[in-house]
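Worksheet: one structure, shown below.
The figures here come from the full heavy-atom set of this structure, side chains too, leaving out hydrogens, waters and symmetry mates.
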Amino acid sequence: MSLERLVNPHILDLEPYTPGKPIEAVERELGISGSVKLASNENPLGPSPKALAALGKIASDVNRYPDGACFELRARLSERLGVAREQLVFGCGADEILELLAKTFLAPGVEAVMPWPSFAMYPIVVKGMGGTVVQVPLTEAMGHDLSAMLEAISERTRIVFVCNPNNPTGTSIGSDEFARFVAALPDHVVLAVDEAYFEFVRRPDYPDTLALIAERPGTIVLRTFSKIYGLAGLRVGYGIGSAEIVGYLERARHPFNVNRLAEEAALAALDDAEHARRTYEMNSEGIDFLTRELSALGHRVWPSDANFVLVRTGEGGYYDALLRQGVIVRPLGGFGLDDCIRISVGTPDENQRCVKAMQRIQETEANA
Ligand SMILES: *Cc1c(COP(=O)(O)O)cnc(C)c1O
C-alpha cells in the first residue's frame, strides 16, 4: 500500500531543497580531483582557529545535553548587540528560526509574501505549515520590488520576508527605501528580515534593523554563524526581536536545538575579531576581482553586498562546463534564471581559477 493518501497534502506538495553538491560527490561522479567549491557561500578561510580550539576542549563533554537556553551565547550576544537577553532566540542554523516563524504564524488559509528569486527555504517552511506562498518577482535590477510586495499583502498575510542582501542575487536595500517600506507595512503582518550576510555588507546606508525592533514589535531579524563565522557545518543561527515575538517562537522551539559544540564554537568565533576581519577583507577584494574580471569577459555581474556574485553567462551550460574543470558553482535554473550562475567568493587562488576556467570555456566556444 502506498502511504501517499496518509500524507498531509501540503507536504506532498513540497519539493526537497537542493543543496550545493559536496566536493567529494562531484569528484566521484566526474572522476576528477583537486576541485574548488564556490557553490554554498561558505567561508573559504575555514572556521576561526579559536572556534577549533574550543571544539577540541568541549568534545569530551558531549555525553551531556547542551544548555537549552544557550546561556553563555545569549549573554555575549545581548551585550554585543545592545538588546535584552529575552530578545534573542537561537536555532539549528537561521533555517530553524525560519521554521519557528512558520510554525508560530502560519497554517492552511494564511499567506506569506516573499521576493523571488530569493532564499529557497522560504517557500519550503511556508508550505511545510500548509500556508500559501505569495512570490513577488524582483525588479529588472534584481532587487526587491518593495512596492509590489506591499501590494501583495492581503488580510490573510501573516509574514513578509525581506532578504537583505538577497540570496541568490547579492543585491541589497538601503535605509531610505527600507524605511518607506516599513512605514507603509500594515500592523497585522510579521516582518522577517533575513540578514544572513549582514557582516559582509559594504554599503554605508544599510538599514539599522535593531533600531526598528524597538519600534515595531512584529519584527524579527535573522543572523547566522554559517557565513562570515565559518561554522556552517555546526548549525547555529539566531533571531533578534521584541521579547514578545521571541517568547512565541520559544514556545515552538525544541529544548536542545543548538548542540553543545555549536554553542561553544559560536562563542569562540564571536571573540575572534581578527578572523572575521580577514574574512571580510578577503571577501571584499574577491567581490571586486570577480566583478571586474567577469565583466571584462562580457558577462553581466550584479552588484553584491554578500559573499557571492550573480553572473549572467547566457544560455549554454556554464555550470556543467565549469564542473568539468573542477569549479563547482550554483546553477539557478530552479529559480527560472537558466542563463545565470551564482559564484561564491573563494580565496584569491580559487577566484583566479574560476576566472581562468570561464576564459577557457569562452575560448572553446569561440573555436567551436
Ligand atoms: C545561508 C542562509 C541562511 C541560513 O543559514 P543557516 O546555515 O541555516 O544559518 C538564511 N538565509 C539566507 C538568505 C542564507 O543565504
Side-chain angles (χ1 to χ4, degrees), residues 14-44 116-124 135 137-138 142 163 165-171 197 226-227 232-233 283 286-304 306-368:
L14 275 178
E15 291 210 22
Y17 178 80
T18 326
K21 277 193 185 179
I23 288 190
E24 298 78 12
V26 172
E27 294 192 337
R28 218 181 306 120
E29 283 165 26
L30 293 174
I32 55 175
S33 61
S35 47
V36 299
K37 185 184 176 199
L38 304 175
S40 298
N41 304 341
E42 296 149 338
N43 187 330
W116 203 253
S118 190
F119 190 41
M121 283 302 293
Y122 306 151
I124 292 178
Q135 292 175 327
L138 299 180
M142 294 286 185
C163 189
N166 189 45
N167 182 5
T169 60
T171 49
Y197 301 96
S226 297
K227 305 287 158 64
N283 184 69
I287 291 274
D288 290 341
F289 173 80
L290 288 172
T291 304
R292 190 177 62 238
E293 298 296 320
L294 299 178
S295 302
L297 290 179
H299 301 300
R300 178 159 183 194
V301 184
W302 277 268
S304 173
N307 64 352
F308 55 85
V309 286
L310 174 70
V311 185
R312 177 170 283 155
T313 51
E315 300 293 342
Y318 263 80
Y319 168 72
D320 288 319
L322 282 170
L323 209 54
R324 283 192 294 274
Q325 299 200 46
V327 179
I328 312 168
V329 299
R330 184 62 74 99
L332 299 173
F335 292 97
L337 298 174
D338 300 291
D339 57 349
C340 295
I341 51 176
R342 190 192 69 188
I343 305 175
S344 305
V345 175
T347 61
D349 279 353
E350 291 170 335
N351 300 337
Q352 272 287 359
R353 222 177 119 182
C354 178
V355 169
K356 286 261 157 60
M358 298 271 283
Q359 261 162 353
R360 237 171 280 134
I361 293 167
Q362 247 182 14
E363 285 159 14
T364 317
E365 273 181 355
N367 296 335

Can Leu138 and Trp116 be said to form a side-chain contact (heavy atoms from CB on, under 4.5 Å), step by step? CA-CA 6 Å; Leu138 299 180; Trp116 203 253; over 6 Å; no
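- The side-chain hydrogen bond (donor to acceptor under 3.5 Å, both in side chains) analysis of residues 25-40, with sequence neighbours excluded, yields the pairs Lys21-Glu29, Glu27-Ser35, Lys37-Ser40, Lys37-Glu42.
- For the atom pair Cys354 SG and Gln325 CD, the distance stands at 9.5 Å (nearest 0.5 Å).
- With rounding to the nearest 0.5 Å, the separation of CZ in Arg330 from CG in Leu337 is 13.0 Å.
- At least one side-chain heavy atom of Thr291 sits under 4.5 Å from a side-chain heavy atom of Ile287.
- In plain terms, the two heavy atoms of Gly346 and Leu38 that are nearest each other are CA-CD2, 3.6 Å.
- Here the side chains of Pro165 and Ser304 are not in contact, with every heavy-atom distance at 4.5 Å or above.
- A distance of 5.5 Å separates CE in Met142 from CG in Leu310, rounded to the nearest 0.5 Å.
- Of all heavy-atom pairs between Phe289 and Val355, the closest is CE2-CG2, 3.7 Å.
- When side chains are defined from C-beta on, Arg342 does not count as touching Val309, because their heavy atoms never get closer than 4.5 Å.
- Across all their heavy atoms, Ile361 and Ala321 have their closest contact at CD1-CB, 3.5 Å.
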Verify side-chain contact (heavy atoms from CB on, under 4.5 Å) between Leu290 and Val301, making sure each step is shown before the conclusion. CA-CA 9 Å; Leu290 288 172; Val301 184; over 6 Å; no
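- Between the OG1 atom in Thr313 and the CG atom in Leu297 there is a gap of 11.5 Å [rounded to 0.5 Å].
- Distance alone, capped at 3.5 Å, is enough to place a donor-acceptor pair between the Asn283 side chain and the Ala306 backbone.
- The shortest heavy-atom contact between Arg353 and Gly34 is NH1-O, 2.7 Å.
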For Phe308 and Val345: C-alpha separation, side-chain torsions, deciding distance, then whether side-chain contact (heavy atoms from CB on, under 4.5 Å) applies. CA-CA 5 Å; Phe308 55 85; Val345 175; 5.7 Å; no
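- Annotation for Phe335 and Ser118: closest pair CE2-O, 3.0 Å, computed over non-hydrogen atoms.
- Lys356 has its side chain within reach of Arg360: a pair of non-hydrogen atoms, C-beta onward, lies under 4.5 Å apart.
- To the nearest 0.5 Å, the span separating CH2 on Trp302 from CG on Asn166 amounts to 12.5 Å.
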side-chain contact (heavy atoms from CB on, under 4.5 Å) between Leu294 and Ile343: does it pass, once the steps are laid out? CA-CA 11 Å; Leu294 299 178; Ile343 305 175; 3.7 Å; yes
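- Annotation for Leu322 and Ile341: closest pair CD1-CD1, 3.7 Å, computed over non-hydrogen atoms.
- Residue Leu323 holds its CG atom at 5.0 Å from CG of Leu30, rounded to the nearest 0.5 Å.
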